[in-house]
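Data first, discussion second: the structure below is written as structure tokens.
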Amino acid sequence: MSKASRLVIGIGNPSRGDDALGPMAIERLETLNLPDVELLTDFQLQVEYLLDMEGRGQVIFVDATVSDAVNTFAYEPIHPALDASYSSHELSPQAVLAAYERHYERPAQPSFVLAIRGHGFELGEGLSAAAAANLDAALSFLSKHLTS
């Protein structure tokens, strides 16, 4: 069985308010039955995700952000980087790409981060109204991108 050419990974903790944006995006995308797209979700990235990336044409990481530079959402290309997370138990998407290149000894596929602006990340909180609106906008964009 061949792998889908696009992989979308939602990152976040559903028990921590707006940190649930990544997993919630994956849940909503699952209802669309997108062709040639595989969807995964996890609390955090691990080096093992490089195995899931193998054979893909594109990888998209979906995660919440607290960056003031992001008002609603941002969709940007990323590149391999040996950042501080490279040697920890929780990797950045850039560090996963670097691990991919080191393991497979070839360039990683085009990869992107869809960063969705979150506002509250307290344990036990639900999704904030502002984050829910940002999720709607981000998914409108992403679903069009994945069907084009």
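This one's a predicted model, so the numbers in the text were calculated from it and none came from an experiment.
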Handout entry: Cluster overlap Leu127 with Leu142, hydrophobic side-chain contacts below 4.5 Å
Key = yes
Fill in the blank from the handout: For Asp136, the side chain to side chain donor-acceptor pair (under 3.5 Å) test, sequence neighbours excluded, returns Arg28
Name the atoms and distances for all side-chain donor-acceptor pairs under 3.5 Å in residues 66-77, with sequence neighbours left out.
residue: Ser67; atom: OG; partner: Ala69; partner atom: N; Å: 3.1
residue: Asp68; atom: OD1; partner: Arg117; partner atom: NH2; Å: 3.1
residue: Tyr75; atom: OH; partner: His145; partner atom: NE2; Å: 3.2

Handout entry: Candidates Val59, Leu97, Val96 - the one meeting side-chain contact (heavy atoms from CB on, under 4.5 Å) with Tyr49
Key = Val96
Handout entry: Short side-chain to backbone donor-acceptor contact, Asp63 and Ala115, under 3.5 Å
Key = no
Handout entry: The single option from Leu32, Ile60, Leu29 passing side-chain contact (heavy atoms from CB on, under 4.5 Å) against Leu39
Key = Leu29
Handout entry: Shared hydrophobic cluster, Leu50 / Leu40 (ILVMFWY, side-chain heavy atoms < 4.5 Å)
Key = yes
Exercise for the section: Could you state whether Phe141 and Phe61 fall into the same hydrophobic cluster, counting links through intermediate Ile, Leu, Val, Met, Phe, Trp or Tyr residues with side-chain heavy atoms under 4.5 angstrom apart? Expected result: no
Exercise for the section: Give the intermediate values and the outcome of side-chain contact (heavy atoms from CB on, under 4.5 Å) for residues His79 and Gln94. Expected result: CA-CA 6 Å; His79 306 284; Gln94 295 84 344; over 6 Å; no
Handout entry: Distance, nearest 0.5 Å, that separates CD of Gln46 from CG of Leu51
Key = 12.0 Å
Show which side-chain atoms of residues 7-26 pair as donor or acceptor with protein atoms under 3.5 Å away, not counting sequence neighbours.
residue: Asn13; atom: OD1; partner: Ser15; partner atom: N; Å: 2.8
residue: Asp18; atom: OD1; partner: Ser128; partner atom: N; Å: 2.8
residue: Asp18; atom: OD1; partner: Ser128; partner atom: OG; Å: 3.2
residue: Asp18; atom: OD2; partner: His119; partner atom: N; Å: 2.6
residue: Asp18; atom: OD2; partner: Gly120; partner atom: N; Å: 3.0
residue: Asp18; atom: OD2; partner: Ser128; partner atom: OG; Å: 2.8
residue: Asp19; atom: OD2; partner: Asn13; partner atom: N; Å: 2.8

Problem - Where Ala64 and Phe121 come nearest, the two heavy atoms and their spacing - result: CB-CE2, 3.8 Å
Scan the side chains in residues 106-113 for donor-acceptor partners under 3.5 Å anywhere in the protein, sequence neighbours excluded, and list what turns up.
residue: Arg106; atom: NH2; partner: Glu54; partner atom: OE1; Å: 2.5
residue: Arg106; atom: NH2; partner: Glu54; partner atom: OE2; Å: 2.5
residue: Gln109; atom: NE2; partner: Met53; partner atom: O; Å: 2.5
residue: Ser111; atom: OG; partner: Gln109; partner atom: O; Å: 3.0

Exercise for the section: Drop me the distance from Ser5's OG to Arg56's CZ, to the nearest 0.5 angstrom. Expected result: 8.5 Å
Fill in the blank from the handout: Between Ala99 and Val47 the two heavy atoms that sit nearest each other are CB-CG2, 3.9 Å
Practice task
Please collect all ring pair (Phe, Tyr, Trp, His ring centres under 6.0 Å) contacts where either partner lies in residues 23-46, sequence neighbours excluded, each pair once.
Solution key: none
Problem - Cluster overlap Ile78 with Tyr104, hydrophobic side-chain contacts below 4.5 Å - result: yes
Exercise for the section: Spell out, as yes or no, whether a donor-acceptor pair under 3.5 Å connects the side chain of Arg6 to the backbone of Glu38. Expected result: no
Problem - Any residue meeting side chain to side chain donor-acceptor pair (under 3.5 Å) with Ser143, in chain and number order, not counting sequence neighbours - result: none
